[in-house]
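In what follows, a structure is listed as structure tokens, so that the remarks can point back to it.
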Amino acid sequence: MNFKLIFSILGLLMALNGLFMLLGIPWALYFNEDPRPLLFSALGVLAIGVFFWQFFRRQVSVDEMNNKEGYLAVALGWLTMAIVGSVPYLVSGAIPNITDAFFETMSGITTTGASILND
């Protein structure tokens with residue numbers, strides 16, 4: 001099992017998630033919300049993601065991936081994206097419970113429409 005390859009992929013996913021979080025900042029400003037929790041979360045996730053991606057990318061090649069690594073990368077990718085996506089909720093205090101923040105993020109990623117938010 002090539003864990004360096006998997007960590008490289010997860011780092012890339014985190015970096016992309018951090019970049020996509022930055023897209024929400026203009027909307028926060030437009031709706032007169034505080035953009036700092038989103039900005040801090042995005043920059044932190046982006047920094048960690050780029051570090052993992054660059055550190056482990058130098059040591060592996062994608063050509064070495066087989067089915068086991070692919071399945072594990074996909075499963076951990078879903079979990080990583082949901083965990084990282086729940087950080088802005090927790091930092092801002094909009095959803096202070098970790099379980100609810102994870103649920104709301106996974107609901108958004110999978111587009112199920114389920115929500116714990118009333119308004």
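Just so it is clear, the structure is predicted and the values come from calculations on it, not from any experiment.
A heavy-atom distance below 4.5 Å is not found between the side chains of Leu13 and Thr80. Residues Phe55 and Lys4 have side chains not in contact (no heavy-atom distance under 4.5 Å, counting atoms from C-beta outward). Side-chain atoms of Trp78 and Ile109, non-hydrogen and from C-beta on, do get closer than 4.5 Å to each other. Using a 4.5 Å heavy-atom threshold, the side chains of Leu46 and Met21 count as separate. By the 4.5 Å heavy-atom criterion applied to side chains, Leu12 and Phe52 are not counted as neighbours.
The backbone N or O of Asn66 sits less than 3.5 Å from a side-chain atom of Glu69, completing a donor-acceptor pair. In this structure a side-chain-to-backbone donor-acceptor pair under 3.5 Å is present from Ser107 to Ala114.
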Run Ile25 and Leu22 through side-chain contact (heavy atoms from CB on, under 4.5 Å) and show every step you take.
CA-CA 6 Å; Ile25 292 175; Leu22 290 173; 3.8 Å; yes

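Scanning all heavy atoms of the two residues, the minimum distance from Thr105 to Ala82 falls at CG2-O, 3.4 Å. Smallest separation of non-hydrogen atoms from Ser41 and Val87: OG-CG1, 3.6 Å.
Cluster membership for Leu76 and Val45, using ILVMFWY side-chain heavy atoms within less than 4.5 angstrom, is shared. Linking ILVMFWY side-chain heavy atoms closer than 4.5 Å, directly or via other members, places Phe7 and Met1 in a single hydrophobic cluster. Both Ile48 and Phe56 belong to a common hydrophobic cluster when Ile, Leu, Val, Met, Phe, Trp and Tyr are linked at side-chain heavy-atom distances under 4.5 angstrom. Hydrophobic clustering of Ile, Leu, Val, Met, Phe, Trp and Tyr side chains at less than 4.5 Å, counting indirect connections, keeps Leu29 apart from Phe40. Put simply, Leu19 and Leu39 are part of the same group of oily side chains (I, L, V, M, F, W, Y) that touch within less than 4.5 Å, one to the next.
For the residue pair Ser115 / Glu104, a side-chain donor-acceptor distance below 3.5 Å is found, with atom types taken as modelled.
Met106 contributes atom CE, which lies 8.0 Å from atom CD1 of Ile83 (distance to the nearest 0.5 angstrom). In this structure, the separation between CG on Leu72 and CG on Asn67 is 12.5 Å, given to the nearest 0.5 Å. Note that the CE atom of Met65 and the CG atom of Leu5 stand 4.5 Å from one another [nearest 0.5 Å]. Residue Ser92 holds its OG atom at 9.0 Å from CD of Glu33, rounded to the nearest 0.5 Å. Atom-to-atom distance recorded for Tyr89:OH and Ile116:CD1 is 8.5 Å, nearest 0.5 angstrom. Taking CG of Leu16 as the start and CE of Met14 as the end, the distance is 11.0 Å to the nearest 0.5 Å.
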Under 3.5 Å, side-chain donor or acceptor atoms of residues 94-103 against the rest of the protein: list the pairs with distances, not counting sequence neighbours.
residue	atom	partner	partner atom	Å
Asn97	OD1	Thr99	N	3.1

